[in-house]
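Structure first, then comments.
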Amino acid sequence: MTAHRWIGVLATASLVLTAAYPLAVYFLLDRGDLRLAGLAMLVAVMLRFLAPGAAKVQVMAALAIGVVFAGAITLTNSELVARLYPVAVSVALLIAFGMTLLRPPSMIERIARGAGAVLDAAGKRYTRTVTVVWCGFFVANACIALATAFLASRELWAVYNGLISYVIAGTLLVGERVVRPAFQRRQVTGSASG
C-alpha cells in the first residue's frame, strides 16, 4: 500500500472514530465504563497527528486539546468529562480557524490552496468570509454542546452531538458549495465588465 493510501486510511479511521464518539459514549454509559471511548479518542487524535499538515501550529494546538480530553476520559471514567469532549472539539477548531484570521492566510484559503486553487484578492476575501462563518458555527456548536452536557438527558446529548451537529456542519459544507459558483460567476462578470 502506498504512503498516500495509508494517509487516506488513517484519516478515514480518525474521522470514523471521531464521528462515532457520542454514540459510543451513550452505549458505554449503560455499562458504566467510558475508558474505551477515551482510548478510541486517543487513537483518533494520534491518527490525526500523522495526517499531512499536522505540523501546523493551529492543528497541533487543536490536537493537544483532544489528547488532554481523551486522556482525562480514559483516566477518570467521568460521564461529565466525556460529555464535555464535543465542547472541547468545537473550541479547538475555533482556535485553529480563528488563529488563521489573525495570522493569514485563513484556514479555508489554506485548504483551497492545498487543493490546488489559485486565489486572487476577491478569492482571498471570500475564503476569509467562509472561515468567519465556520468560526461562528464552532462558537454556536460549543455553546449548544455545553448546554447538552450539563442540562440535557443522555439521549438528547447523544442525538445533538452525534447527529444534529454533523447535519448542521454538512449543511454548511453543501451551502458553501452552492454559493461558491455564484461568487465565481460574479467575479468573472465583474472582471469582464471592468
Side-chain angles (χ1 to χ4, degrees), residues 4-5 7-22 44-45 47-66 85-148 159-194:
H4 181 68
R5 184 175 285 262
I7 290 169
V9 168
L10 293 175
T12 301
S14 176
L15 182 65
V16 168
L17 286 170
T18 303
Y21 173 80
V45 171
L47 291 174
R48 291 304 302 156
F49 273 114
L50 301 174
K56 301 281 190 225
V57 173
Q58 299 88 347
V59 174
M60 294 299 276
L63 291 175
I65 291 170
Y85 185 79
V87 178
V89 170
S90 286
V91 169
L93 289 169
L94 174 62
I95 291 167
F97 277 60
M99 284 177 63
T100 67
L101 293 173
L102 301 174
R103 296 183 140 198
S106 69
M107 184 66 80
I108 301 300
E109 180 180 343
R110 293 172 194 212
I111 292 168
R113 287 186 186 278
V118 178
L119 300 171
D120 59 7
K124 290 177 184 178
R125 283 191 304 275
Y126 175 78
T127 56
R128 182 176 175 80
T129 300
V130 174
T131 302
V132 169
V133 169
W134 276 104
C135 286
F137 166 73
F138 296 135
V139 168
N141 196 56
C143 291
I144 296 169
L146 185 64
T148 63
V159 168
Y160 178 78
N161 293 288
L163 177 65
I164 295 171
S165 66
Y166 295 133
V167 169
I168 295 168
T171 302
L172 272 175
L173 281 170
V174 170
E176 191 278 326
R177 295 270 180 176
V178 168
V179 169
R180 188 184 324 154
F183 167 79
Q184 291 169 332
R185 280 193 302 274
R186 192 172 73 217
Q187 290 308 114
V188 169
T189 304
S191 61
S193 62

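Under the side chain to side chain donor-acceptor pair (under 3.5 Å) criterion, S106 pairs with T131, sequence neighbours left out. Listed by chain and number, the residues in a side-chain contact (heavy atoms from CB on, under 4.5 Å) with V118 amount to none (sequence neighbours excluded). For A140, there are no side-chain contact (heavy atoms from CB on, under 4.5 Å) partners two or more places apart in sequence or in a different chain. Every residue two or more places apart in sequence or in another chain that forms a side chain to side chain donor-acceptor pair (under 3.5 Å) with N141 is listed here: S90, Y160. A search for salt bridge (Lys or Arg N to Asp or Glu O under 4.0 Å) contacts involving R113 returns E109, not counting sequence neighbours.
Note that OG1 of T129 and CH2 of W134 are 15.0 Å apart. Values are rounded to the nearest 0.5 Å. The OG1 atom of T148 lies 9.5 Å from the CD1 atom of I164; values are rounded to the nearest 0.5 Å.
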**Asked** What's the verdict on side chain to side chain contact (heavy atoms under 4.5 Å, CB included) for L101 and C135, showing C-alpha distance, side-chain angles and the deciding distance?
**Response** CA-CA 10 Å; L101 293 173; C135 286; 3.9 Å; yes
**Message:** One pair to check against side chain to side chain contact (heavy atoms under 4.5 Å, CB included): I108 and F97. What are the steps and the verdict?
**Reply:** CA-CA 8 Å; I108 301 300; F97 277 60; 3.9 Å; yes
**Evaluation steps, side chain to side chain contact (heavy atoms under 4.5 Å, CB included), between T171 and F137** = CA-CA 11 Å; T171 302; F137 166 73; over 6 Å; no
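Between V178 and P181 the shortest heavy-atom distance is O-CD, 3.3 Å.
Judged as a salt bridge (charged side-chain N to carboxylate O under 4.0 Å, His left out), the pairs with a partner in residues 164-180 (not counting sequence neighbours) are, in order, E176-R180.
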